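The block underneath contains the structure these notes are about, expressed in structure tokens.
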Amino acid sequence: MVTIQDIAEIAGVSKATVSRVINRTGYVNEKTRERVQAVIDQYHYSPSASAVNLSRRETNTIGVIVPEIANTFFGELLHGIGEVIDQTDFTSFYFDSDNNSDKEERAILALEQQRVRGLLITPAQDSDAAVNRRLYSYLERLNVPTVVVDRDFPGSKWDGVFFENYQSGYCAAEALIAAGNRTLGMITGDLRLKIARERYEGFLQAAQDGGCPVSEQHIYQGDFTIEGAYAAAKRMLESDDRPQAVLTSNNLTSLGFLKAVTEKGMQIGRDIAVIGIDHIPELDILNYGFSCVARDTVQMGRLAMQVLLERMQNPDKQRQICMIPHRLILKGSEKMDG
DNA sequence: GAAGTGGAACTCATTGCACA
DNA sequence: TGTGCAATGAGTTCCACTTC
């Protein structure tokens, strides 16, 4: 491994001069600069990141913790974050907490050891008060600019970028009623999560306001996973008293629901109507007319990273909460043909 | 006095060694 | 065995020195 000392010896200068050439600081004779640069190019030298961090007493690393890295939602979120990071000198460190608070805490500790400059985090959960207190204390101890993304947690004092959850549930129910459906049901997310409760409450309120109050029997609890939604949907579809139209709580819930519908030999739009929260691009590729309440997840990632950069530049500014608007996309699955 | 350069101090975690 | 100190790694930065 070539070091700055090697470059300095080969170029016949001190390592201070090499450092000035690399960083374009101080005075360096143009001929010396060219000579040093030629050696750097010849030996493909690049400074050791750990040594640079050591001497600068800081890193250029941003930590990102998401709860389900395999979920395309978080894939898009990371894409947006990466777009903004690419325009800076920062690099990123990604962790998947797997919706597990213990893993989340270990990730925060690892990021502390990495001396990250900032953190973007989607908390693993928000329902257990003791876990929330622990998360709070871990973030306080980390003591770097932090932005909470998608899932807020009680008592948070950090900047946040969230989705209009209540409104998305509300507008989905409105659309289902406007399409002529009279009995509505829902496969919820994990109702221990605030985002799931908000979607659920928005849905119930719109149904009430639209004169189609939702029966308790038509609420099936999922957990934001394909498996959970599939099991809930199977129970719903096998019931004698199933709703005409259904709201599915996120992209994975929609996929689990569609799997159950297909297995049952039923057709969306003929046997049951549905609107899902989250856009699923793969269904567009298959030309599957699936109505949804979409959110711009890539933009959410971009915005979260921008808020973090602002916080890093101005640590004393007021807490900032940004909401990502929802967008209703109707493609026919919200109504029955017949 | 400005330009150009080098030496040494410094960063922090780890390791090895001396000494009680 | 436990403790303290120095050296190490690969950079950056400050200050002193030389040259023009």
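Every chain is numbered from 1 and lettered A, B, ... according to where its sequence line falls, protein lines coming before strand lines. Computed from a predicted model, the values in this text were never measured in an experiment.
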| query | Does a salt bridge link A:Asp89 with A:Arg117, judged by any charged N lying under 4.0 Å from a carboxylate O? | reply | no

| message | Can you work out whether A:Val13 or A:Tyr27 has the more 5'-proximal nearest nucleotide on DNA chain B? | response | A:Tyr27

| query | Charged N to carboxylate O below 4.0 Å: is that the case for A:Lys331 and A:Asp284? | reply | yes

| note | For residues 169-182 of chain A, the side-chain hydrogen bond (donor to acceptor under 3.5 Å, both in side chains) pairs (sequence neighbours left out) are A:Tyr170-A:Asp209

| field | Segment of DNA chain B, first to last nucleotide, that comes within the 4.0 Å heavy-atom reach of chain A | value | B:dA3 to B:dA13

| message | Tell me whether the side-chain N/O atoms of A:Ser19 come closer than 4.0 Å to OP1 or OP2 in C:dT12. | response | yes

| task | Mind checking A:Asn53 for me? I need base, sugar-phosphate or nothing, with any heavy atom below 4.0 Å counting as a touch. | result | nothing

| said: Does A:Thr32 reach a base, just sugar-phosphate, or nothing at all? Heavy atoms under 4.0 Å. | reply: sugar-phosphate

| query | With a non-hydrogen cut-off below 4.0 angstrom, is A:Ser48 in contact with a base, only sugar-phosphate, or nothing? | reply | sugar-phosphate

| request: Could you tell me whether the side chains of A:Glu9 and A:Gln5 share a donor-acceptor contact shorter than 3.5 Å? | output: yes

| query | Is it the case that A:Asn99 and A:Glu68 place a side-chain donor and acceptor less than 3.5 Å from each other? | reply | yes

| Just checking A:Arg33: base, sugar-phosphate only, or nothing, at a heavy-atom cut-off of under 4.0 Å? | nothing

| remark: A:Ile22 CD1 to C:dT13 P, in whole Å, measures 12 Å

| said: Measure CD/A:Gln5 against C1'/C:dT12 and give the value in whole Å, please. | reply: 14 Å

| Under 3.5 Å, is there a donor-acceptor pair between the A:Asn251 and A:Ser254 side chains? | no

| request: Assign each of A:Gly12 and A:Arg115 to its nearest nucleotide of DNA chain B by heavy atoms, then name whichever residue's nucleotide is nearer the 5' end. | output: A:Gly12

